[in-house]
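Encoded as structure tokens, the structure appears first; notes follow it.
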Amino acid sequence: MLDIRQISADPGPIQQALRNRKDSFSLEAVLAAERELNVLRKSWEALREQRNRLAEEIGRKKKGGEDVSRQMEESRGVNAEIARMESDLRKREDDVRAQLLLLPNIPHESVPVGADERDNPEIHRHGVPRSFSFEALPHWEIGGKLGILDFDRAAILSGSRFSVLKGMGSRLERALSAYMLDRHTHPGRNRPSGKPYQEVSVPLLVRPEMMEGTGQFPKFREESFSVPDDGLFLIPTAEVPVTNLHRDTVIEEADLPLKYVSCTPCFRREAGAAGKDTRGLIRQHQFLKVELVWITRPETSYDDHEELTRDAEAILNDLGLPYRRIALCTGDLGFSSAKTYDLEVWMPAQKVYREISSCSNFEDFQARRAGIRYRPQESKKPRPVHTLNGSGLAVGRTIAAILENFQELDGSVTIPDVLVPYMGGIQRIPPPDS
RNA sequence: GGAGAGGUGGCCGAGUGGUCGAAGGCGUCCGCCUGCUAAGCGGAUGUGGGGUCUAAAGCCUCACCCAGGGUUCAAAUCCCUGCCUCUCCGCCA
């Protein structure tokens, strides 16, 4: 959420940012509503003041045995007036807030202006896609033949876009999750921020306020699964509960940055994705993801964003998967984000790079919504923090990438070296016939 | 799920319906004192709006004592609902 006072002080740049984002939000409408609200609020406050004075006078005089029936009568009148104003005031406040909640974040100046994903510049590539002496199969075929992936039984259990992992497939999921968590929580060197991630396990069902805090609600409500009887929602990413761990609190500056890593299932309705990626593990209603979350100072958040993205890339490097980093342009940027890098892994069967991680700086957009502030050392006035997050990595998609990139002619799949200890020493998933 | 207790400032904790944004303590900060430290003494110390001011400070003012309703001229204080915490019972991975 943006600061309404900041908007009214200088709407120009924000208007431009909205155009760059291809967003149709009307700034004039909120600003007008805000101005009217301010006028009303002032007269309401004046009446409250009058009421407070009368109440005080009544208390004082009554104690002295004086007659106060005139003041009480007057006070009743003022109260009626206040009550009349209040419902209108409330309605207008809710309206302004509702509008502001639909206003997207402003892209950072370093974000390239562009219309859609075709305008996303590539930042760099790592690894060389392997050349196959045979036709590379898509992962769902490899997984089917190996007996480690079963979409048919998943469909019977839960419908489309669900999967069942079996045997080595399930083991691979566990190995990857454990490996990623270990990697990120390892103290390690080369961390400019000076500290490793703290692992957290969090609720998978949250209240709607949490979804609003990180920006999923109100705009993307239809994207989430809900449990209506209890008023709860299944998290679409660990970002939601982890960022909201610090909701409505003030953090001491010395404790920043706070860095968390959390491995959770994620649940998405994929409402707008009918017909896309209908096969395989790429687009599922439920998938496992290791998420990195930072709560940090405004002054360092862009450096931190680079570090976070490198942390995600480190996993791809370790696994030996070819990937590239792209920067999202203004037209492709997510609602809450001020800047986003996507990491895309090479998928040999389709011969394309596919998104496997998305690393964003939200600046104070989420912090305002969720009330996450810090107390700067030099001043005592709390300020909103900056929040960042990124996948490190999406586990389901990583399984797909490993199956495709490391498949062999005989149908077996080689396990990346770093995962072997996590696979009980197994170096490859044996071919179907063995 | 049933029965009870409770939710107050960074923390602990008091608060007969009226001058309470809230006693007291702890913590923190600033001074003083002191070979050093400790102790002691004095003072300051919630958040968010609005106004005043060139600006800061100060001052004035509105809101906030879990949340939302209600009673009342007046609510931290009374009533109702919700949420949360604790204790006991039941159930359970």
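Chain naming here is simple, since letters A, B, ... match the order of the sequence lines and numbering starts at 1 in each.
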Note: contacts of residues 242-260 of chain A with RNA chain B (heavy atom, under 4.0 Å) are none
Does the ring centre of A:H386 sit less than 6.0 Å away from the ring centre of A:Y302?
no
How does protein contact run along nucleotides 71-86 of chain B, one letter per nucleotide 5' to 3', with B for base contact, S for sugar-phosphate only, - for none, heavy atoms under 4.0 Å?
--BS--------SS--
If pairing requires Watson-Crick or G-U wobble contacts with both distances under 3.5 Å, which nucleotide is the partner of [N]?
N	result
B:rG90	none
B:rA74	none
B:rG10	B:rC26
B:rA5	B:rU85
B:rU47	B:rA63
B:rU54	none
B:rG31	B:rC41

To the nearest Å, give me how far apart [atom1] ([X]) and [atom2] ([N]) are.
X	N	atom1	atom2	result
A:N38	B:rG50	CG	C1'	9 Å
A:E45	B:rG51	CD	C1'	10 Å
A:L47	B:rU61	CG	C1'	14 Å
A:E86	B:rG70	CD	C1'	13 Å
A:K61	B:rU19	NZ	P	17 Å
A:L37	B:rG49	CG	P	14 Å
A:R60	B:rG17	CZ	C1'	18 Å
A:R373	B:rG46	CZ	P	14 Å

For the pair A:R369 (side chain) and A:L101 (backbone), establish whether a donor and an acceptor sit closer than 3.5 Å, ignoring hydrogens and angles.
yes
Are A:N361 and A:D304 close enough that some pair of their side-chain heavy atoms sits under 4.5 Å apart?
no
Expressed in whole Å, how much space separates the [atom1] atoms belonging to [N] and [M]?
N	M	atom1	result
B:rU81	B:rC29	C1'	43 Å
B:rU37	B:rC20	P	40 Å
B:rU77	B:rU19	C1'	16 Å
B:rC83	B:rA93	C1'	26 Å
B:rU61	B:rG7	C1'	30 Å
B:rU47	B:rC36	C1'	40 Å
B:rG49	B:rU34	P	45 Å
B:rU72	B:rC88	C1'	38 Å

Side-chain N or O of A:R90 versus OP1/OP2 of B:rG69: is the shortest distance under 4.0 Å?
yes
Check: residues 69-77 of chain A side-chain donor-acceptor pairs under 3.5 Å, at least two apart:
from: A:S69; atom 1: OG; to: A:D67; atom 2: OD1; distance (Å): 3.2
from: A:S69; atom 1: OG; to: A:D67; atom 2: OD2; distance (Å): 3.1
from: A:Q71; atom 1: NE2; to: A:E57; atom 2: OE2; distance (Å): 2.9

With sequence neighbours excluded, residues passing side-chain hydrogen bond (donor to acceptor under 3.5 Å, both in side chains) with A:T278
none
What residues, two or more places apart in sequence or in another chain, satisfy side-chain hydrogen bond (donor to acceptor under 3.5 Å, both in side chains) together with A:N79?
none
Assign A:R5 to base, sugar-phosphate, or nothing according to its heavy-atom contacts below 4.0 angstrom with the strands shown.
sugar-phosphate
By nearest atom, which of the nucleotides B:rU61, B:rG69, B:rC62 is closest to the A:N52 side chain?
B:rC62
Applying salt bridge (charged side-chain N to carboxylate O under 4.0 Å, His left out) to A:E270 and A:K276, what does each step give before you reach the verdict?
CA-CA 10 Å; A:E270 298 296 346; A:K276 271 163 65 179; over 6 Å; no
Could you pull out every donor-acceptor pair under 3.5 Å between side chains of residues 196-207 of chain A and any protein atom, sequence neighbours left out?
from: A:Y197; atom 1: OH; to: A:W294; atom 2: NE1; distance (Å): 2.9
from: A:Y197; atom 1: OH; to: A:D311; atom 2: OD2; distance (Å): 2.6

Could you list the donor-acceptor pairs under 3.5 angstrom formed between side-chain atoms of residues 109-116 of chain A and any protein atom two or more places apart in sequence or on another chain?
from: A:S110; atom 1: OG; to: A:H108; atom 2: ND1; distance (Å): 2.7
from: A:S110; atom 1: OG; to: A:K339; atom 2: NZ; distance (Å): 2.9
from: A:D116; atom 1: OD1; to: A:R118; atom 2: N; distance (Å): 2.9
from: A:D116; atom 1: OD2; to: A:R118; atom 2: NH2; distance (Å): 2.9

Sort and list the pairs that fulfil ring pair (Phe, Tyr, Trp, His ring centres under 6.0 Å) and have at least one residue in residues 4-40 of chain A, not counting sequence neighbours.
none
Run the side-chain contact (heavy atoms from CB on, under 4.5 Å) check on A:R92 and A:V96 step by step: do they pass?
CA-CA 6 Å; A:R92 287 167 185 272; A:V96 168; 5.6 Å; no
Looking at A:K42 and B:rU61, is any side-chain donor or acceptor paired with a base atom of the opposite kind under 3.5 Å?
no
Below 3.5 Å is the cut-off: list the nitrogen or oxygen pairs between protein and nucleotides 6-12 of chain B, distance only.
none

Applying salt bridge (Lys or Arg N to Asp or Glu O under 4.0 Å) to A:K195 and not counting sequence neighbours gives none
If you assign each of A:W44 and A:E56 to its closest nucleotide in RNA chain B, which residue comes earlier from the 5' end?
A:E56
Return the 5'-most residue of the pair A:R41, A:K63 with respect to RNA chain B, ranking by each residue's nearest nucleotide.
A:K63
Those residues at least two apart in sequence (or on a different chain) that pass ring pair (Phe, Tyr, Trp, His ring centres under 6.0 Å) with A:H285 are A:F162, A:F225
Applying ring pair (Phe, Tyr, Trp, His ring centres under 6.0 Å), name anything that partners A:F406, two or more places apart in sequence or on another chain.
none
